[in-house]
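Take a look at the structure set out below.
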Protein chains: 2
Amino acid sequence: MHEKHASTFHENISKIRKLIVQSSLVPGDRLPSERELAETLSISRASVREALRALSFLGIVETRRGGGTFLCEQDRHKYIEILSEFIVTKQTKATDIVEMLRLLERMAFTEVKPTSERLTDLERVIADDRLFRQQLIFQLENELFIRIWNEVNRFFDGLDVGDLYTLEERKLLIETWRGMGMPE
Amino acid sequence: MHEKHASTFHENISKIRKLIVQSSLVPGDRLPSERELAETLSISRASVREALRALSFLGIVETRRGGGTFLCEQDRHKYIEILSEFIVTKQTKATDIVEMLRLLERMAFTEVKPTSERLTDLERVIADDRLFRQQLIFQLENELFIRIWNEVNRFFDGLDVGDLYTLEERKLLIETWRGMGMPE
DNA sequence: ATATATAAGTGGTCAGACCAATTAGTGCGA
DNA sequence: TCGCACTAATTGGTCTGACCACTTATATAT
């Protein structure tokens, strides 16, 4: 009865996107609840959630616990465009990529509240530059930020210019963080 | 007992990433099964799946039905670096962004097998340039491709230069596709 | 009319079950 | 011994139903 899709997962994403269009939703509008979507699209709520999570990662929808699922405002991703602008306009070279990565990671470093567990996690991967930086970024727990870092870091990997920080720098970073004190 | 996280969702991602590091997994290696992960990390299998789906979208792991979940090979994302290289090195301007988008969308156009349902879906959004192109890309059902298009399209949106195609071009695209025949 | 308490709605998580695809194991025959 | 077909175990994919945490709407009391 229905068309062939690569997987029901993609089919479900397609269904939800189609419903957004048919309902003429505009950024900021609320989508039907997960339970409604499940019944309307004749799929389980678990599948609805997996599809919504994917759309969330793509920056198309956002969910608010107890509130609902909403179509994203374009403006919320303005800083992605800003970063993109930086890449696009500045005749970016290897040094610029490195500079941007250091900037992003400094942001993470200053934003993340240092806890004993996070320090332990960082120390565990202190020997590996890439894992160390990845660990730092993930501790921010901001999906959009993680996505941006992920893409920029791919540039860096492609450059094949070795580590971003030395082992001593990474150790110093941790020591500095430790000196910033613990939460209550 | 355990540290404060923004959400258990991010905490779960952190747990899995930590386990990958502690197990010294290298690209190509298989992760423990979802059931094992659930028991090891003391979370439900549904939560494990949501976390794995996120890591999948970030290009860190990939799942094979009946086979398992594997740490991604770096090389699989080589073409992301190629596209990035294009952006980074060519002093990319607005015209280049447009060119790249047209290229990506032509790839989708030639790769996707035209079916009556897909044509219907496209015709439904023919009035909206952005939705039309998004619909076309999503029909490819390739997560990595969707991600790349998504990022590049953000550049385009930031340029604010109007539509990429005219209504006539979109109609022509559909007519051309319709002429390519239907599947068996 | 305002503020407070209550109820309803919604996303987040969990448990257990079954299906579908792959993989590992077994045994038979050449 | 080797190779092939068959079976069993493993694993990701989906479904159902339940309960919790948070938000929003409603009703109630002052």
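Note on naming: letters A, B, ... go to the chains in the order of the sequence lines (proteins, then strands), and numbering restarts at 1 for each one. Worth knowing before you read on, the calculation uses all heavy atoms, side chains too, and leaves out hydrogens, waters and symmetry mates.
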Side chain to side chain contact (heavy atoms under 4.5 Å, CB included), paired with B:L37, selected from B:T69, B:L52, B:N12: B:L52
Can you check the B:E62 CD to D:dG13 C1' distance for me, whole Å? 16 Å
Atom-pair distance (CD1 on B:I43; C1' on C:dG12), nearest Å: 13 Å
Just how far, in rounded Å, is C1' of C:dT10 from CD of A:E39? 15 Å
Between atom CG in B:L31 and atom P in D:dT10, what is the gap in whole Å? 19 Å
Can you find a heavy atom in the side chain of A:I13 that is under 4.5 Å from one in the side chain of A:E50? no
Take the protein atom CD of A:E34 and the nucleotide atom C1' of D:dG17, then report the distance between them rounded to whole Å. 15 Å
Distance, rounded to the nearest Å, where B:R30 contributes CZ and C:dT23 contributes C1': 9 Å
Close side-chain approach of A:H10 to B:F138, heavy-atom, < 4.5 Å: no
Salt bridge check: are A:R124 and A:D121 linked by an N-O gap of less than 4.0 Å? yes
Near DNA chain C, which residues from residues 45-52 of chain A have a heavy atom under 4.0 Å away? A:R45, A:R49
For B:R45, what residues pass the salt bridge (Lys or Arg N to Asp or Glu O under 4.0 Å) criterion, not counting sequence neighbours? B:E34
For C:dT10, does OP1 or OP2 lie under 4.0 Å from any side-chain N or O of A:T63? no
Please tell me if the side chains of B:R30 and B:L25 come closer than 4.5 Å, counting only heavy atoms from C-beta onward. no
Check the phosphate of D:dG12 against B:T69, side-chain N and O only, distance under 4.0 Å to OP1 or OP2. Yes or no? yes
Keeping the roles fixed (side chain from A:Q135, backbone from A:V125), state whether a donor-acceptor pair exists under 3.5 Å. no
Sub-3.5 Å pairs of nitrogen or oxygen atoms, protein against nucleotides 20-27 of chain D:
| unit_1 | atom_1 | unit_2 | atom_2 | d |
| --- | --- | --- | --- | --- |
| D:dA21 | O4' | A:R65 | NH2 | 2.7 |

